[in-house]
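First up is the structure itself, then whatever we jot down about it.
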Amino acid sequence: MDKKEVRVRFAPSPTGDLHVGNIRTALFDWAYARHTGGTFIFRIEDTDRERVTDEYIQAAIDTLKWLGLTWDEGPEVGGPNGPYLQSQRLDLYATWAAKFLEQKDAYKCYCSADELEAVREAQRAANQAPGYNGNCRDLSADQIVKFEAEGRKPVIRMRMPDGGTTFTDLIRGEVSFDHNFVPDFVLVRGDGSPLYTLAVAVDDVLMKVTHVLRGEDLLSSTPRQIRVYQAMGVKPEDYPVFAHLPFVMGQDNTKLSKRNGEVSIAWYRQAGYLPEAICNYLALLGWSPGDDLENISMKELTELFTVERVHSSPARFDMKKLEAINGDKIRALTIDEFMTWALPFLTQAGVISGTPEELALVKQALPIIQERITTLAEIPPMLKFLFVKEFAVDADSLPKISDSQSKEVLKVSYEQLQSLGDWTHESIEGVLRAALIDGMALKPRIAFGAVRIAVTGSHISPPLFESMQLLGRDKSLARIKASL
RNA sequence: GGUCCCGUCGUCUAGUGGCCUAGGACUCUGGCUUCUCAAGCCAGCUACGCGGGUUCGAAUCCCGUCGGGACUACCA
């Protein structure tokens, strides 16, 4: 695009756990930085300290790390343009606000919240566009003295000049706003703390951000941001390039929320989704590589990602497709990788405590369940039968082996298996097939079904003969005997 | 209400005037395979919001219309 080094930032305001929408933005920011060989900056927008907490900030950092979206400048790693928490940059904002005041780009506004609300109320009633009416734009010295004497705490408000703002959005093309619909806006609160409108622009300039990829909800605040650049004396050719990403919405076409799909990335993490799957799926929301390629790695994403290919229309979040991709990613894991992901789920579920024997058994068992699960959370219930101390058949499966035919199947199985020489899944299968299918003329699903329930406790299990081999001769036989 | 953005199968998307009787993926349905569940394979259903133009020709360009969303804070 140009020879200037690309600098992109992800700047969330952690008022809660990072959610699907945030992360999709972070992912695109990251992918763009990596694609261009630029710098990825992570900045925390915590000017609203009533809503942003340290816990949420830490959670945001953890989530980004877990997803593999590493940053070049930001919390923990630092960088030449820090600090990267807006709450630690307050003096910077104050300095610029004072300068704007001095330049008459901004002015003190003494209107109270109640007065402003009354104005808006009247505007709404009169069917006019609600917005600041410019009441304090040109206060006389006397009026200021009077307000000050009343003890009013002024906010600092930016003066929007007549005219309009036009800028080129990388995704939407040329976008224009008439300043008649962009009222003078507040930069600094009555208590002296900065607002997003001030901090975001100051930081983007000071951090030399070249590309602002962010949510579409910020599109209409862009003229205000550009206004601050002007007041800071930034030349138009040095403004960052904007690209407003389309929304990620819930199933019912409303904003994604608890009601129509989980939003918190932390939830997906503990539900057993792989970071690569989440990123792969999210990358497909509002962007596509162009051909029929869909299952891509993080590396491929950075190679293929361009802003030009980002959509301008919103996308609906589809859990089913995420599940499908997650299953694909799990199946593509090597056993060692799969092991690494599986262990925490098994220990947390209390299925294993982590002894070397258990680990060895898990490693042997993982291959037979790898293609049967879509999330890691499905592992514990599926392997539980191998480790459980006090075995019992599931209540809903018990009736299925209580009939006389099942009893007969189990009896024959027990007798045949007892004299089996080598305990391998091939030999187990051979013996049972001969005795039950050939000998008793039963359908495989009927015959093996009974054994399955007796041995694994459920009518749904990993492949029976492999399961029996892993369980071992003693336990397998004991369970069959117990169900006779 | 105003301003701005958006509009291809149920969903995510391919498509930038002829290769489109619109392709892929997920879902769903049916089938094959099969020791359960999966996985895999095959088949099927279903879309260019609507109306006008421009053009020999439009999903692709223009206008209108309808619909959806965002913003309209001393939130971000």
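In what follows, every chain begins at residue 1, and chains take the letters A, B, ... in the order their sequences are listed.
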Which one is paired to B:C28, where only Watson-Crick or G-U wobble pairs with both distances under 3.5 angstrom count? B:G44
G-U wobble or Watson-Crick pairing nucleotide for B:G57 (cut-off 3.5 Å, both distances): none
Give A:P462 one of three labels, base, sugar-phosphate or nothing, depending on what nucleic acid heavy atoms sit under 4.0 Å from its own. base
If you look at every strand shown and take non-hydrogen atoms under 4.0 Å, does A:G286 touch a base, only sugar-phosphate, or nothing? sugar-phosphate
Once you apply a heavy-atom cut-off of 4.0 Å, does A:P444 come out as touching a base, just sugar-phosphate, or nothing? sugar-phosphate
Rounded to whole angstrom, note down the C1' distance from B:G51 over to B:C66. 10 Å
Comparing A:R433 and A:D318 on RNA chain B - which has the more 5′ nearest nucleotide: A:D318
Could you grab the distance from atom CD1 of A:I446 to atom CD1 of A:I437, nearest 0.5 Å is fine? 9.5 Å
Counting the atoms with a prime plus P, OP1 and OP2 as sugar-phosphate, which does A:E466 contact under 4.0 Å by heavy atoms, base, sugar-phosphate, or nothing? base
Select base, sugar-phosphate, or nothing to describe what A:G327 touches, counting heavy atoms under 4.0 Å on all strands. nothing
Using purine N1 to pyrimidine N3 plus N6-O4 or O6-N4 for Watson-Crick, or N1-O2 and O6-N3 for G-U wobble, each under 3.5 Å, what pairs with B:C4? B:G69
Are A:R452 and A:S461 linked by a side-chain donor-acceptor pair shorter than 3.5 Å? yes
Give the rounded distance in Å between these two atoms: CD1 of A:I325 and P of B:U13. 12 Å
Could you give the CZ-to-P distance, from A:F317 to B:C26, as a whole number of Å? 17 Å
Please determine if a side-chain N or O atom of A:S461 lies less than 4.0 Å away from the OP1 or OP2 oxygen of B:C37. no
Could you measure between the two P atoms, the one in B:A14 and the one in B:U8, and give it in whole Å? 11 Å
What nucleotide, of B:C26, B:A39, B:C6, holds the atom closest to the side chain of A:E371? B:A39
Who pairs with B:C35 - Watson-Crick or G-U, where each distance is under 3.5 Å: none
Take atom P in B:C48 and the same atom in B:A43, then report the distance between them in whole Å. 24 Å
Do A:R452 and B:C35 have a side chain to base donor-acceptor pair shorter than 3.5 Å? yes
Taking NZ, NE, NH1 and NH2 as the nitrogens, is one of them in A:R152 or A:E115 under 4.0 Å from a carboxylate oxygen of the other? yes
Under 4.0 Å between any heavy atoms, over every strand shown, what does A:R172 touch: base, sugar-phosphate, or nothing? Just pick one. sugar-phosphate
Looking only at B:C6, B:C4, B:A39, the nucleotide nearest the A:P314 side chain is B:C6
Nucleotide nearest A:F181 (side chain, heavy atoms from C-beta), chosen from B:C35, B:U3, B:U27: B:U3
Do the side-chain N and O atoms of A:Y281 and A:N326 include a donor-acceptor pair separated by under 3.5 angstrom? no
In whole Å, I'd like the distance from the CD1 atom of A:I171 to the P atom of B:G69. 21 Å
Checking all strands, does A:V52 fall into the base, sugar-phosphate, or nothing category for heavy-atom contacts under 4.0 angstrom? nothing
What is the distance, rounded to the nearest whole Å, between atom CD of A:E216 and atom P of B:C5? 10 Å
Of the candidate nucleotides B:A70, B:U36, B:A14, which contains the atom at the shortest distance from the side chain of A:F247? B:A70
Under a 4.0 Å N-O cut-off, is there an ion pair linking A:R224 with A:D184? no
With a 4.0 Å cut-off on heavy atoms, is A:S176 in touch with a base, just the backbone sugar-phosphate, or nothing at all? sugar-phosphate
Salt bridge (Lys or Arg N to Asp or Glu O under 4.0 Å) pairs touching residues 392-401 of chain A, sequence neighbours excluded, are none
Length of the line joining A:L436:CG and B:C35:C1', which is rounded to integer Å: 11 Å
Polar contact flag, side-chain donor to acceptor under 3.5 angstrom, A:Q225-A:S221: no
Taking OP1 and OP2 of B:G15, is either one under 4.0 Å from a side-chain nitrogen or oxygen of A:R309? yes
Does A:R372 make a side-chain N or O approach to OP1 or OP2 of B:U36 shorter than 4.0 Å? no
Any carboxylate oxygen within less than 4.0 angstrom of a Lys/Arg side-chain nitrogen, looking at A:E415 and A:K411? yes
Categorize A:H244 for me: base, sugar-phosphate, or nothing, with a 4.0 angstrom heavy-atom threshold over every strand shown. nothing
So if I take every side-chain heavy atom of A:F448 and compare against B:G40, B:C35, B:U13, which nucleotide ends up nearest? B:C35
A:H35 side chain to A:E303 main-chain N or O, any donor-acceptor pair under 3.5 Å? yes
In whole angstroms, how far is the P atom of B:C5 from the CE atom of A:M249? 17 Å
Side chain of A:K320 only, please: which of B:C37, B:G7, B:C26 is the nearest? B:C26
Using a 4.0 Å heavy-atom cut-off, does A:F465 contact any base of the nucleic acid, only the sugar-phosphate backbone, or nothing at all? base
Short side-chain donor-acceptor distance under 3.5 Å, A:Y196 and A:Q86: no
Extract from the structure each pairing of a protein N or O with an N or O of nucleotides 73-76 of chain B at less than 3.5 Å, listing the distance.
residue: B:C74; atom: O2; partner: A:G190; partner atom: N; Å: 3.0
residue: B:C74; atom: N4; partner: A:C111; partner atom: O; Å: 3.4
residue: B:C75; atom: OP1; partner: A:R189; partner atom: NE; Å: 3.3
residue: B:C75; atom: OP2; partner: A:R189; partner atom: NE; Å: 2.8
residue: B:C75; atom: OP2; partner: A:R189; partner atom: NH2; Å: 2.8
residue: B:C75; atom: O2'; partner: A:D48; partner atom: OD2; Å: 2.9
residue: B:C75; atom: O2'; partner: A:R51; partner atom: NE; Å: 3.4
residue: B:C75; atom: O2'; partner: A:R51; partner atom: NH2; Å: 2.4
residue: B:C75; atom: O2; partner: A:R51; partner atom: NH2; Å: 3.4
residue: B:A76; atom: OP1; partner: A:T47; partner atom: OG1; Å: 2.6
residue: B:A76; atom: OP2; partner: A:Y196; partner atom: N; Å: 3.0
residue: B:A76; atom: O3'; partner: A:E45; partner atom: OE1; Å: 3.3
residue: B:A76; atom: N6; partner: A:R224; partner atom: NH2; Å: 3.0

Whole angstrom is fine here: how far is it from CG in A:N295 over to P in B:C26? 10 Å
Compile the donor-acceptor pairs under 3.5 Å between side chains in residues 167-177 of chain A and protein atoms, sequence neighbours left out, one pair per line.
residue: A:D169; atom: OD1; partner: A:I171; partner atom: N; Å: 2.8
residue: A:D169; atom: OD1; partner: A:R172; partner atom: N; Å: 3.0
residue: A:D169; atom: OD1; partner: A:H244; partner atom: N; Å: 3.4
residue: A:D169; atom: OD2; partner: A:H244; partner atom: N; Å: 3.0
residue: A:D169; atom: OD2; partner: A:H244; partner atom: ND1; Å: 2.6
residue: A:R172; atom: NE; partner: A:H244; partner atom: O; Å: 3.1
residue: A:R172; atom: NH1; partner: A:S312; partner atom: O; Å: 3.4
residue: A:R172; atom: NH2; partner: A:H244; partner atom: O; Å: 2.7
residue: A:S176; atom: OG; partner: A:T166; partner atom: OG1; Å: 2.9

Please report, rounded to the nearest Å, how far the P atom of B:U34 is from the CG atom of A:L442. 18 Å
Say we look at B:G67 and B:A58: how far apart would their P atoms be, to the nearest angstrom? 27 Å
Using the C1' atom as the reference point in each nucleotide, state the distance between B:G10 and B:U27 in Å, no decimals. 8 Å
